[in-house]
Amino acid sequence: MNEGPESVVRDYYDALRNGDPLEPYFLADESTAKFGISEVLFGDDEVSEALQEQTETTAEWTVESRSLTVTDRDGAATFADEVTMAWTDTESGERRRFETRWSGTLVRPEEEQTQADEHEWQFATMHVSTAGEL
């Protein structure tokens with residue numbers, strides 16, 4: 001796979017929309033961190049578990065990117081975006097919608113750390129927040 005960091009961010013949005021596994025997009029390392037609208041996750045185990053649960057309990061995602069900017073910094077990349085996202089909670093049937101801000105860092109893991117289903121660039125950190133109330 002020869003994909004740049006911007007492609008990985010866009011592919012992640014598609015995976016979210018499609019209900020595909022999201023864990024392969026994150027670095028398998030204890031230093032990985034993900035800050036969501038209502039959660040704080042440290043380490044790849046916590047991130048993977050939360051993403052699996054999210055995929056199992058949500059459906060009908062929409063992800064509308066408005067301002068994606070990505071800067072490749074020779075082995076590390078930063079990204080920021082404004083995203084309207086919405087989904088249906090499959091347990092309650094409630095539809096949730098948020099205007100969000102995304103930012104984070106992607107890195108290129110060592111070749112021996114990368115699994116066949118993982119991406120050339122992976123999220124080391126991701127921060128998703130909203131100015132509105134939950």
- Where is the tightest heavy-atom contact between Glu120 and Pro109, given as atom of each residue plus distance? O-CD, 3.4 Å
- Message: Once you measure the plane-to-plane angle for Phe35 and Phe42, does it fall in the parallel (<30°), tilted (30-60°) or perpendicular (>60°) bin?
- Response: perpendicular
- Query: For Trp102, what residues pass the side chain to side chain donor-acceptor pair (under 3.5 Å) criterion, not counting sequence neighbours?
  - Reply: Thr100
- Message: Tell me if a side-chain donor or acceptor on Thr55 pairs with a main-chain N or O of Leu51 at a distance below 3.5 Å.
- Response: yes
- Item | Closest non-hydrogen atom pair, Ser92 against Asp89 | N-OD1, 3.1 Å
- Message: To the closest 0.5 Å, what do you measure between OG1 (Thr62) and CG (Leu16)?
- Response: 9.0 Å
- Message: By the salt bridge (charged side-chain N to carboxylate O under 4.0 Å, His left out) test, which pairs, at least two apart or in different chains, include something from residues 5-18?
- Response: Glu6-Arg10, Asp14-Arg17
- Query: Which is it for Phe26 and Gln122 under the side-chain contact (heavy atoms from CB on, under 4.5 Å) test, yes or no, and what are the steps along the way?
  - Reply: CA-CA 5 Å; Phe26 286 83; Gln122 294 176 312; 5.9 Å; no
- Task: Over 60° means perpendicular and under 30° means parallel, so classify the ring planes of Trp61 and Trp87, tilted if in between.
- Result: parallel
- Shared hydrophobic cluster for Val40 and Met126 (ILVMFWY, side-chain gaps under 4.5 Å): no
- Please round to the nearest 0.5 Å and tell me the distance separating atom CG of Leu22 and atom CD of Gln52. 10.0 Å
- Query: So which pairs with a foot in residues 35-60 pass salt bridge (charged side-chain N to carboxylate O under 4.0 Å, His left out), sequence neighbours left out?
  - Reply: Lys34-Glu39
- Query: Between CZ of Phe123 and OG1 of Thr105, what distance do you get to the nearest 0.5 Å?
  - Reply: 10.0 Å
- Hits for salt bridge (charged side-chain N to carboxylate O under 4.0 Å, His left out) against Arg66, two or more places apart or cross-chain, chain-then-number order -> Glu99
- Query: Which distance, rounded to the nearest 0.5 Å, do you find between the CD of Glu91 and the OG1 of Thr58?
  - Reply: 10.0 Å
With a cut-off of 3.5 Å and sequence neighbours excluded, list every side-chain donor-acceptor pair involving residues 68-80.
residue	atom	partner	partner atom	Å
Asp72	OD1	Asp74	N	3.0

- Message: Under the criterion side-chain contact (heavy atoms from CB on, under 4.5 Å), I'd like the reasoning laid out for Val9 against Leu106: C-alpha separation, chi angles, the key distance, then a yes or no.
- Response: CA-CA 9 Å; Val9 174; Leu106 296 102; 4.1 Å; yes
- Task: Report yes or no: do Glu82 and Ser67 form a side-chain donor-acceptor pair below 3.5 Å?
- Result: yes
- Nearest-0.5 Å distance, OG1 of residue Thr88 to CZ of residue Arg96: 11.0 Å
- Report the C-alpha separation of Val83 and Tyr13 in whole Å, then their side-chain angles, then the decisive distance to 0.1 Å, and conclude whether the side-chain contact (heavy atoms from CB on, under 4.5 Å) test is met. CA-CA 10 Å; Val83 177; Tyr13 293 165; 3.6 Å; yes
- Message: Tell me every residue that passes salt bridge (charged side-chain N to carboxylate O under 4.0 Å, His left out) with Arg101, counting only those two or more places apart in sequence or in another chain.
- Response: none
- Task: Determine the interplanar angle of the Tyr25 and His119 rings, folded into 0 to 90°, and report it as parallel if under 30°, tilted if 30 to 60°, perpendicular if over 60°.
- Result: parallel
